[in-house]
S.K.: 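Quick one: this structure, given as structure tokens, is what I'll be asking you about.
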Amino acid sequence: MTDNPVQKDTAPAAVPVSKSPEAIKAIPVRHYGRWVGGVVVVALLAGLIYAFSEGNINWQAIPETLFDPSVVKGAGATLLISVLAMVMGVVLGVVLAVMRMSKNPVVNGVSWLYIWFFRGTPVYVQLLMWFNLGLIFEYLNLGPFYKDEMTDVMTPFMCALLGLGLNEAAYMAEICRAGLLSVDEGQTEAAHALGMSHGRTLRRIVIPQAMRVIVPPTGNEFINMLKTSSLAYAVAYTELLRATSSIGSRSYAVMEMLFVASIWYLSLTSVFSVFQYYLERHYAKGSSRNLPPTVFQRIKANFSGTRNGGVSV
Amino acid sequence: MSVMVKSEGVHKSYGSVEVLKGIDLEVRKGEVFCLIGPSGSGKSTFLRCINHLEKINAGRLYVDGELVGYRQKGDKLYELKDSEVALQRRDIGMVFQRFNLFPHMTAAENVMEAPIQVKGVSKAAAKERAHHLLERVGLGDKARNYPAQLSGGQQQRVAIARALAMDPKLMLFDEPTSALDPELVGDVLDVMRDLAESGMTMVVVTHEMGFAREVGDNLVFMDGGVVVESGDPREVLNNPRHERTQSFLSKVL
């Protein structure tokens, strides 16, 4: 402190009151460690890129097959099964969550048992079970309503849907329950005191607030689902991984096709992440004084922020 | 019938803890009835029994001549269905210590919600009424604000407007100013004073002795789950007869 004559010269006592003190122009601390670290990381990255460039990779195959009709169709199937399984998971999950919070011990117990089983066994095992159901039940017999051979019912699509959807429901049930429990009891009391019924209170007051807690992990679950759907490969459902792999084994471009699949998975999850951000923003209504900025608003703020001396928002 | 709330030997216990040990009192129509007492004395619990947020274990509680939460046929009591309880609560407004506004709705939407959902009032009519009520509590310009954008005192006044939107015949106040900064208490008390002057029947659990003295028609001092002393607020606050009332008042006044 004392060995800084520059600062002492402009001591505030001598300065008239109306004049603001001179801005500090100090020499910043040099972070040599950061420079060293940066150089090391860049060198490692360069090595990695070099390795890939030297690798026996048929780069040409990637753009050629990226929009191959069978690959696009596979990506479509991945999206379809993910969305349908997720819808199934959410609907069933809400039902299970409400059942789990029921005062009826039987209903409550059944929900617990469901979650215990479907969360406690691997999805892969569950998918294979649906796939092989025909081995133990030759017919699906629903009495007078429906009867058919199990192998006809359990198409690859059905196996994938049931396997992924029913498993997801167990996770969604816990997410929904957490969301419903997160809403302050005072909210329910206030709604009841106004003469609102249980159902109305749930629908108009509790669920909209629970959504704030439910949406982020549900988005997570969906991104997980997009990737987990690749396990449907095992039940002969032609989704993205199966579509790319079949080209790969035909043309001896196994790794190249896995790259293609990765590009598609990354694109799907990236697009969804943006969508999720806006969904969260919608449910943040009233929770804070100002809505969080949209992506574009944030970019704009960052640019104007750096111009004003790096104050980021 | 000029009695709004009639309580006969009301008991309430949580497990083995007896919170109310036989409350007998009457609230007349149009009066401001204040409940005071140390924390844990059961005054808030009693208030919550009046609109059946808490179930009583013994005794009888009537609002406007109607048994709360039960139906009596002969000498048998039948629990009311949820929908019937909801119907009873429509006429009883309640204001909470922690406001409990719906955070995902604007001030106006908070006030409009119950009339639209419960009474089937049209949206336009509810909106007009909401603005009128917000005006009445001095918040006409805050209709579009969310609760998080309002101060505690403003939130509590919105909560009062929300309760009034259901045209209640009885208003319950559960320590309405206890969670507020001292300088915001006055605004809320002003609204309550106006409400009292308009002839609303009010049961107020409060620590605001000044309000009780000035606006109250009747005052009850509770301690340990029983009514210790009751009467005219000025009389009770100035010349408490019971030792427990005296020691409580000496601490808070």
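Just so it is clear: chains get the letters A, B, ... in the order the sequence lines come, proteins before strands, and each one is counted from 1. For clarity, every value in this text was computed on a predicted model and none was experimentally measured.
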S.K.: Just verifying a value: how many Å separate B:Q117 CD and A:I205 CD1, rounded to the nearest 0.5 Å?
M.R.: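 Going from CD on B:Q117 over to CD1 on A:I205, the span is 8.0 Å.
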S.K.: How about A:F275: does its CZ atom have over 12 heavy atoms from other parts shown lying under 6.0 Å from it?
M.R.: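 Count not over threshold, so no.
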S.K.: Could you give the distance from CG (B:D82) to NE2 (A:H198), rounded to the nearest 0.5 Å?
M.R.: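 One gets 3.5 Å once the value is rounded to the nearest 0.5 Å.
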S.K.: Given a strict heavy-atom distance threshold of 4.5 Å, which part of B:R48 is in contact with chain A: side chain, backbone, both, or neither?
M.R.: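 The side chain, not the backbone.
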S.K.: Just give me the residue among B:S83, B:A86, B:A159 that pairs up with chain A most often, heavy atom to heavy atom, under 4.5 Å.
M.R.: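 Max contact count across the listed options: B:A86.
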S.K.: Take atom NZ in B:K119; do more than 12 heavy atoms of anything else shown fall under 6.0 Å from it?
M.R.: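 Result for NZ/B:K119: enclosed.
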S.K.: In terms of heavy-atom proximity below 4.5 Å to chain A, should B:I92 be classed as side chain, backbone, both, or neither?
M.R.: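 It is the backbone, since no side chain atom gets that close.
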S.K.: Verify the neighbour count for atom NZ of B:K127: are there more than 12 heavy atoms of other residues, nucleotides or ligands below 6.0 Å?
M.R.: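 For B:K127, atom NZ is not crowded (no more than 12 foreign heavy atoms under 6.0 Å).
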S.K.: If every non-hydrogen atom of B:A114 is compared with every non-hydrogen atom of A:L194, which pair is closest and at what distance?
M.R.: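 Closest approach of B:A114 to A:L194: CB-CB, 3.8 Å.
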S.K.: In Å, rounded to the nearest 0.5 Å, how long is the span from NE2 of B:H104 to CZ of A:R204?
M.R.: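 That separation rounds to 7.0 Å.
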S.K.: Within a 6.0 Å radius of atom CZ on A:R203, are there more than 12 heavy atoms belonging to other residues, nucleotides or ligands?
M.R.: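 Check passes, neighbour count above 12.
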S.K.: Can you measure from OG (A:S197) to CD (B:E84) and round to the nearest 0.5 angstrom?
M.R.: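 Answer for the OG-CD pair, A:S197 versus B:E84, is 13.5 Å.
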S.K.: Taking atom CD of B:Q72 as the centre, report whether more than 12 heavy atoms of other residues, nucleotides or ligands fall under 6.0 Å from it.
M.R.: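 Yes, enclosed.
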S.K.: If you look at every heavy atom in B:N100 and A:A190, which pair is closest and at what distance?
M.R.: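 In terms of heavy atoms, the two residues are closest at O-CB, 3.6 Å.
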S.K.: Rounded to the nearest 0.5 Å, how far does CD of B:E113 lie from CE of A:M196?
M.R.: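 Interatomic distance, A:M196 CE to B:E113 CD, rounded to 0.5 Å: 4.5 Å.
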S.K.: Using a 6.0 Å cut-off, check whether atom NE2 of B:H207 has over 12 heavy atoms from anything other than its own residue.
M.R.: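 For B:H207, atom NE2 is crowded (more than 12 foreign heavy atoms under 6.0 Å).
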S.K.: Out of B:F99, B:F96, B:F102, which one racks up the most heavy-atom pairs below 4.5 Å with chain A?
M.R.: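 Counting heavy-atom pairs under 4.5 Å, the top option is B:F102.
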S.K.: Nearest 0.5 angstrom please: B:L101 CG to A:Q187 CD, how far?
M.R.: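 So the gap between those two atoms works out to 8.0 Å.
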